[in-house]
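Each remark here refers to the structure printed beneath this line.
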2 protein chains.
Amino acid sequence: MNLPPLIQAFVLHFGEMGSRWGINRTVGQVYAVIFLANRPVCADDLVDAVGVARSNVAMALKELQSWELIRLKHVPGERRDYYGTLDDIWAIVRKLVEQRKRREIDPTLTVLRELLMQSPASEEERFAQERMQEMHGVIELVTGWYDDIERLETERLVQLLSLGSKIVKALDWKDKLFVAKGGGKPKGPERP
Amino acid sequence: MNLPPLIQAFVLHFGEMGSRWGINRTVGQVYAVIFLANRPVCADDLVDAVGVARSNVAMALKELQSWELIRLKHVPGERRDYYGTLDDIWAIVRKLVEQRKRREIDPTLTVLRELLMQSPASEEERFAQERMQEMHGVIELVTGWYDDIERLETERLVQLLSLGSKIVKALDWKDKLFVAKGGGKPKGPERP
DNA sequence: CTGAATTTTCAGGATTTTCTGAAGTAACGG
DNA sequence: CCGTTACTTCAGAAAATCCTGAAAATTCAG
């Protein structure tokens, strides 16, 4: 491993965290190197930087491409494949959430839907299904919220996140105004 | 493994997903059984339900307790330890997010802060630090937002999630009204 | 075509993680 | 105390995952 100290420290950390994040050490380290580089990176660079076998680097690159977290970037006059991360940090975050949802949540949602179709054959199963229903409801709510939010342009998204829970007060106030002005139902906004 | 079919299907699924979620098969299955049970569950029940060695069940229970996802529930007149999940599904979700943040994000935040204190020794390091700064900013923003949101009572939280991105329109509208009424700055709510 | 450069695949060895059974410890009733 | 029940610990077996080097496949210039 052959990197400036500051970069090496970050790369080693990403390697260690890899297992917690559901990727392996090499994949973590390879991604870290690409993320921190100020230019596209090729397999040889990575062998050099991370210090593992070339075939291992190839596997890591394949894995990262399957996550759509890195992209092939052709360098003019170069035959080798060069890779870079997505353009901006928010694109990376969105992709990460999308992929983890796809891998960690969607399969469960599918199973839940299947099992909720069946009729319980005992009180035990009836109760279990009730719990599954609760879980299904929460997942639908949270992922539905994200699907919606995720479409916002980044600037809006950042605004929203910066507000935090202050947004609730803002909404209260809006509701009050709305009611005061003599509008319809007191709860929930409706389309005009 | 000895469970009603509906429950067994769910338990097996949780076992399979375990590795993606950063827990092992047994831990996943044990949690699933406890989650679906309509009464507290003891180690023997779990050995019976999941079909693994008792020591393995003990390990799984220890792991789940370290996540604070299950709680000891004493059953009157019983010597054995019985376990149950947190009371309601939202408490479970909150705990899950809290723990995953603690395990998967906080360590990285610490490392980032350390590395951002150092002065770069080259252009390469300077650029890398810029990227780390971006990552740090995003993590702070998102986790800060969650820390804030997480304090809301569940009813409020559900309201907020149900709104999705409609909230942005609501805010726009509020801003417009606010400005129309001749109030202060056009952006961002301030305390009255 | 041919051959060099590069990437991909994969069998098997190395490492890590998970699981088991046996032994050990603790708590309790009588 | 003693024996029973229940829980925990832990060494090593079993399984899963990761990594390597060699070989195969692909790409491209000449």
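Proteins come first, then strands; the chains are lettered A, B, ... in the order of their sequence lines, and each starts at number 1. Computed from a predicted structure; not experimentally measured.
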note = Here the side-chain hydrogen bond (donor to acceptor under 3.5 Å, both in side chains) pairs for residues 111-120 of chain B, sequence neighbours left out, are B:Arg113-B:His136, B:Arg113-B:Glu140
task = Decide, yes or no, whether a salt bridge links A:Arg126 with A:Glu123 under the criterion of side-chain N to carboxylate O below 4.0 Å.
result = yes
query = Taking 4.0 angstrom as the limit, do B:Arg103 and B:Glu98 come out as a salt bridge?
reply = no
ask   = Quick one: side-chain hydrogen bond (donor to acceptor under 3.5 Å, both in side chains) pairs with a partner in residues 26-36 of chain A, sequence neighbours left out?
value = A:Thr26-A:Asn56
query = Can you name the residues that form a salt bridge (Lys or Arg N to Asp or Glu O under 4.0 Å) with B:Arg131, not counting sequence neighbours?
reply = B:Glu134
ask   = What parts of residues 62-75 of chain B reach DNA chain D, counting only heavy atoms under 4.0 Å away?
value = B:Lys62
query = With no hydrogens and no angle check, do the side chains of B:Arg156 and A:Ser165 hold a donor and an acceptor under 3.5 Å apart?
reply = no
request  = Provide the start and end nucleotides, 5' to 3', of the part of DNA chain D that has atoms under 4.0 Å from heavy atoms of chain A.
outcome  = D:dC18 to D:dC28
With A:Ser55 via side-chain hydrogen bond (donor to acceptor under 3.5 Å, both in side chains) - residues at least two apart = none
request  = Could I get the full list of salt bridge (Lys or Arg N to Asp or Glu O under 4.0 Å) partners for A:Arg39, not counting sequence neighbours?
outcome  = A:Asp45
task = Please identify each residue that fulfils salt bridge (Lys or Arg N to Asp or Glu O under 4.0 Å) with B:Asp44, with sequence neighbours left out.
result = B:Arg54, B:Arg80
task = Could you tell me whether the side chains of B:Arg71 and B:Thr85 share a donor-acceptor contact shorter than 3.5 Å?
result = no
Axis-to-axis angle between the two ends of the helix from C:dC1-D:dG30 to C:dG30-D:dC1 (five base pairs per end, rounded to 10 degrees) = 20°
ask   = Going 5' to 3' along nucleotides 14-30 of chain C, which nucleotides have protein heavy atoms under 4.0 Å from the base (write B), which only from the sugar-phosphate (write S), and which from neither (write -)?
value = ----SSBB-----BS--
key: A:Glu124: side-chain hydrogen bond (donor to acceptor under 3.5 Å, both in side chains) partners, not counting sequence neighbours   = none
message = Strictly by side-chain hydrogen bond (donor to acceptor under 3.5 Å, both in side chains), give each pair with a member in residues 5-22 of chain A just once, sequence neighbours left out.
response = A:His13-B:Thr108
message = Just to be sure I understand the rule, does A:Asp44 reach a base, reach only the sugar-phosphate, or reach nothing, if contact means heavy atoms closer than 4.0 Å?
response = nothing
